[in-house]
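What follows is a set of notes on a single structure, which appears directly below.
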Amino acid sequence: PQGGHGAHDASAAPQEQSLRRARAVQTLLSRRSRGSGGSSAEALRLRLQLSVALRNGGEIERAAKELLTTVNLDANDSLHAHRLAAPLLLFLGRTEEAAELLARFSSDTSAAARCCSLLASLALYLAAEANCEQDACEQGAVAAVERAARAAFDAAFEANWRAVLLLAAPATCSALSAGADGVALASRFRDAFGDERGGANSGGAVSGGVGDGVACGGAEEAFLVACELLAGWAGDD
């Protein structure tokens, strides 16, 4: 009763703060877009900030819409907004749209993009297999989707095998985000599987500076991609 209400208020507060931030950024974006155009560098950064605030506030549909707009306006792909957009499309069940978006940026070899492609490919394979069980279908078509999923696995594993390992353990990802227990688990994970492999990613391991300084292929990037960027789609409440 009263305790439950208090717990609800505590969990709702961060979302409310994010939505207040989203409204403030939206106002600023409207002003900047009138002055310098929606595709200016400043407007693109503001739209990305708006998208993140909406996502953190639970407005997933709106966040996805703003991110896709950012992708289409950012001709040079300077913010890598597709790395944030694809997980939201997966979360919303728009798997084919996510796969098409990632195909547009097939040259992106980041762990964020490749792990998204892996999950999209697996979802498409499972859907094709389920359809074959219900209706007559060409086994060759299913085999092609399976080959694509296997190739996506190999690519994601090459980009960051630790992230692939965590994607198979959503409960572990959830624990990694839970206070002191998560810190202890993260430490054990690093001890067991090593830490960083490559150089720091100065452009942001995910998008728009998110993950600045995070080493490519290491444990920190794995946590960021598997336990934060993709946690919801992987089954973590």
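The analysis underlying the following values was restricted to heavy atoms, covering all of them including side chains, and did not include hydrogens, waters or symmetry mates. Sequence positions, counted from 1, serve as the residue numbers for this chain. As the structure is a computational prediction, the values presented were derived from the model and not from experiment.
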Are Leu46 and Leu54 connected in the hydrophobic side-chain network, where two residues link if heavy atoms are under 4.5 Å apart?
yes
So which heavy atom on Ala81 is nearest to which on Leu48, and how close?
CB-CD1, 4.3 Å
Rounded to the nearest 0.5 Å, how far apart are CG of Asp77 and OG1 of Thr70?
11.5 Å
Applying side-chain contact (heavy atoms from CB on, under 4.5 Å) to Ala222 and not counting sequence neighbours gives Asn160, Arg162, Ala163, Leu166
Test of understanding: with side-chain contact (heavy atoms from CB on, under 4.5 Å), list the residues that count as partners of Ser121, not counting sequence neighbours.
Ala149, Ala152
Determine, using the 4.5 Å side-chain heavy-atom cutoff (strictly less than), whether Leu102 and Leu68 are members of one ILVMFWY cluster.
no
Judged by atom type as modelled, is there a donor-acceptor pair below 3.5 Å linking the side chain of Thr27 to the main-chain atoms of Arg23?
yes
Quick one: salt bridge (Lys or Arg N to Asp or Glu O under 4.0 Å) pairs with a partner in residues 62-72, sequence neighbours left out?
Arg47-Glu66
One should read off an interatomic distance between Leu90 CG and Leu122 CG, to the nearest 0.5 angstrom, of 10.5 Å
Please identify each residue that fulfils side-chain hydrogen bond (donor to acceptor under 3.5 Å, both in side chains) with Arg150, with sequence neighbours left out.
Glu146
List the atom of Leu92, the atom of Ala64, and the distance in Å for their closest heavy-atom pair.
CD1-CB, 4.0 Å
Applying side-chain hydrogen bond (donor to acceptor under 3.5 Å, both in side chains), name anything that partners Gln49, two or more places apart in sequence or on another chain.
none
What's the spacing between Leu118 CG and Phe157 CZ if we round to 0.5 Å?
11.5 Å
To the closest 0.5 Å, what do you measure between CG (Leu89) and OG1 (Thr95)?
9.0 Å
Drop me the distance from Leu73's CG to Ser39's OG, to the nearest 0.5 angstrom.
6.0 Å
Listed by chain and number, what are the side-chain contact (heavy atoms from CB on, under 4.5 Å) partners of Leu165, not counting sequence neighbours?
Trp161, Phe189, Phe193
Answer yes if Leu229 and Val52 sit in the same cluster of Ile, Leu, Val, Met, Phe, Trp and Tyr residues linked by side chain heavy atoms under 4.5 Å apart, and no otherwise.
yes
Residue pairs fulfilling ring-ring contact (aromatic ring centres under 6.0 Å, His included) with at least one residue in residues 93-126, sequence neighbours excluded
His82-Phe105
Can you pull the salt bridge (Lys or Arg N to Asp or Glu O under 4.0 Å) pairs that have at least one residue in residues 99-128, sequence neighbours excluded?
Arg83-Asp108
Here the pair of heavy atoms bringing Pro87 nearest to Leu84 is CD-O, 3.3 Å
Tell me whether Leu79 shares a hydrophobic cluster with Leu88, the cluster being built from Ile, Leu, Val, Met, Phe, Trp, Tyr side chains joined at under 4.5 Å.
yes
Closest approach of Gly38 to Ala43 (non-hydrogen atoms, all atoms of both residues):
O-CB, 3.5 Å
Mind checking salt bridge (charged side-chain N to carboxylate O under 4.0 Å, His left out) for Glu97 and listing every partner two or more places apart, or none if nothing turns up?
Arg94
Got a donor-acceptor contact below 3.5 angstrom from the Glu221 side chain to the Gly217 backbone?
yes
Validation row: Glu129, Val145 side chains within 4.5 angstrom (heavy atoms)
no
State yes or no: do Val25 and Ile60 share one hydrophobic cluster built from I, L, V, M, F, W and Y residues joined by side-chain heavy-atom distances below 4.5 Å, directly or via other members?
no
Side-chain heavy-atom pair Cys115, Leu230 within 4.5 angstrom cut-off
yes
